[in-house]
S.K.: 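Sharing a structure, written as structure tokens. Questions coming.
Below, chains carry the letters A, B, ... as their sequence lines are ordered, and counting in each starts from 1. Because the structure is a prediction, the values reported are computed rather than measured.
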There are 2 protein chains.
Amino acid sequence: MRVPELTDLLRRRGMRVTSQRLLIDRALRDHGGHLSAEQVHELVEPSLPGVTQQTVYSTLALLTELGVARRVAAPGASARFEARVDDHHHMVCQRCGAIQDIDARVPVGRAVGAAREAGFVPESANVTVLGLCAACAAD
Amino acid sequence: MRVPELTDLLRRRGMRVTSQRLLIDRALRDHGGHLSAEQVHELVEPSLPGVTQQTVYSTLALLTELGVARRVAAPGASARFEARVDDHHHMVCQRCGAIQDIDARVPVGRAVGAAREAGFVPESANVTVLGLCAACAAD
DNA sequence: CTTTTTGCAAATGATTTGCATTAAC
DNA sequence: GTTAATGCAAATCATTTGCAAAAAG
């Protein structure tokens, strides 16, 4: 059950394998956390001198579309991206915006079923726990 | 189990009871759905000629802080606000951004517990079902 | 060589900020 | 009267768009 190489995914779609795409994918994967587009830019700048923020944006959108990255919406903050695409949940700090993974198994079937009954076509379902992270709670 | 009047909440905090605050709160409540800041502005303009978008923003932030409204983050879209503050979930259309309520009971306790173990102080937890709404799925 | 992708530049959209005026208390 | 809230204007931040140049296949 391993993730297909980005190179393969791109070739299969007739898209081009560029250093920007490979390195942004790798940066996201290596970091392992939840990064804003700007953080990704800062992270890849050293290995991709002159890379623009727009390339980062379009590449992150592409990676998300290809299923090798996921976009996480943080209330009142910029979008965050992560390389984890398996089933998991998130804790979002309402003060500093930090996002952390939660690996608990939650039966979301009822919510998905209710959505389906309302005519929706569900693609994914996950839990967002809002609150304060350890650092912010400590004040 | 009724919601305290906004007037009371404001007075208790020594804040002022203004027509803007009362009417924006009422508009959100009467509409019942999930509105963007701009939609709220359009909705209250007739009864509050000359209200600015900034007043709408600050008032919505205040109502959220007071606990009489909730901010819902839609991935890649502007923030939406709703008057429902009880426990419920959301279905978000990834194409048009529409948000609908889901009233299924989902045991999110495991996720909340895991967050707590990680040092977080949870305030709320809810499920977001991503997918396509009936209209967008029909193409 | 052909077409996609990138970089550059500017535009857009959402939201915030600073300050004088107005309205609550 | 005092002070907080609003309106007005401009600024900021995130993200998107259009087009010529560069790179991939």
Side-chain angles (χ1 to χ4, degrees), chain A residues 5-25 27 34-42 44-45 47-66 69 71-81 94-97 99, chain B residues 5-25 27 34-42 44-45 47-66 69 71-81 94-97 99:
Chain A
E5 289 288 342
L6 175 58
T7 301
D8 296 343
L9 282 170
L10 290 170
R11 290 228 171 95
R12 229 172 280 159
R13 295 207 177 195
M15 305 183 108
R16 298 186 178 172
V17 180
T18 65
S19 53
Q20 287 88 339
R21 287 171 177 175
L22 294 176
L23 287 168
I24 287 171
D25 174 61
H34 307 80
L35 299 167
S36 67
E38 200 185 341
Q39 287 175 312
V40 172
H41 185 243
E42 284 165 13
V44 297
E45 240 280 311
S47 46
L48 283 170
V51 104
T52 61
Q53 190 65 70
Q54 298 91 304
T55 298
V56 173
Y57 271 111
S58 64
T59 303
L60 288 171
L62 176 65
L63 296 178
T64 301
E65 203 184 302
L66 292 175
R71 178 189 298 236
V72 183
S78 55
R80 305 301 165 88
F81 296 84
Q94 294 180 300
R95 190 134 164 277
C96 71
I99 300 178
Chain B
E5 288 289 341
L6 175 57
T7 301
D8 296 343
L9 283 171
L10 290 169
R11 290 228 171 94
R12 230 171 283 159
R13 295 205 178 196
M15 306 184 108
R16 298 185 179 174
V17 180
T18 65
S19 52
Q20 287 87 340
R21 288 172 176 175
L22 294 176
L23 287 168
I24 287 171
D25 174 62
H34 308 80
L35 300 167
S36 66
E38 201 187 340
Q39 288 175 312
V40 173
H41 184 244
E42 284 165 14
V44 296
E45 239 280 312
S47 45
L48 283 170
V51 211
T52 61
Q53 190 66 69
Q54 296 88 311
T55 297
V56 173
Y57 272 110
S58 64
T59 303
L60 288 171
L62 176 65
L63 296 179
T64 301
E65 203 186 301
L66 292 176
R71 176 188 299 235
V72 183
S78 56
R80 306 301 165 90
F81 296 84
Q94 293 180 301
R95 192 135 163 275
C96 71
I99 300 179

S.K.: For A:T55 and A:V51, indicate whether the former's side chain and the latter's backbone hold a donor-acceptor pair under 3.5 Å.
M.R.: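 Flag not set: sc A:T55 to bb A:V51 has no pair under 3.5 Å.
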S.K.: Which nucleotide in the list D:dT6, C:dT15, D:dG7 gets nearest to the side chain of B:T52?
M.R.: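 Looking only at heavy atoms from C-beta outward on B:T52, the closest nucleotide is D:dG7.
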S.K.: So if I take every side-chain heavy atom of A:Q20 and compare against C:dA24, C:dG7, D:dG7, which nucleotide ends up nearest?
M.R.: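 Nearest nucleotide to the side chain: C:dG7.
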S.K.: What nucleotide among D:dA14, C:dC25, C:dT6 has an atom nearest to a side-chain atom of B:V17?
M.R.: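 Per side-chain heavy atoms of B:V17, the pick is C:dC25.
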S.K.: Please determine if a side-chain N or O atom of A:T18 lies less than 4.0 Å away from the OP1 or OP2 oxygen of C:dT6.
M.R.: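 Checking A:T18 against C:dT6: at least one side-chain N or O falls below 4.0 Å of OP1 or OP2.
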S.K.: Nearest to the side chain of A:Y57 - D:dA5, D:dT15, C:dT3?
M.R.: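 Per side-chain heavy atoms of A:Y57, the pick is D:dT15.
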S.K.: Of B:G14 and A:S19, whose nearest nucleotide on DNA chain D comes first from the 5' end?
M.R.: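 Result: B:G14.
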S.K.: Counting only side-chain heavy atoms from C-beta out, which of D:dG7, C:dT5, C:dA10 sits nearest to A:Q54?
M.R.: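 Shortest atom-to-atom distance from the side chain points to C:dA10.
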S.K.: Could you state the atom-to-atom distance from CD of B:E42 to P of C:dA14 in whole Å?
M.R.: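 Between P of C:dA14 and CD of B:E42: 11 Å.
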S.K.: Whether B:E5 and B:R12 form a salt bridge (side-chain N of Lys/Arg under 4.0 Å from carboxylate O of Asp/Glu) is what I want to check.
M.R.: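 So B:R12 does not pair with B:E5 through a salt bridge.
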S.K.: Identify which nucleotide among C:dT15, D:dT15, D:dC8 has an atom closest to any side-chain atom of A:A79, counting heavy atoms from C-beta outward.
M.R.: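 Minimum distance to the A:A79 side chain belongs to D:dT15.
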S.K.: Quick one: is A:S36 getting a side-chain N or O under 4.0 Å of the D:dA14 phosphate, OP1 or OP2?
M.R.: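 For A:S36, the contact criterion (side-chain N or O under 4.0 Å from OP1 or OP2 of D:dA14) is not met.
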S.K.: If you only use heavy atoms from C-beta on, which nucleotide in C:dA14, D:dG7, C:dT2 is closest to the side chain of A:R16?
M.R.: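 Nucleotide nearest to A:R16's side chain: C:dT2.
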S.K.: Answer yes or no: is there an ion pair linking A:R71 with A:E65, defined by an N-O contact shorter than 4.0 Å?
M.R.: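 So A:R71 does not pair with A:E65 through a salt bridge.
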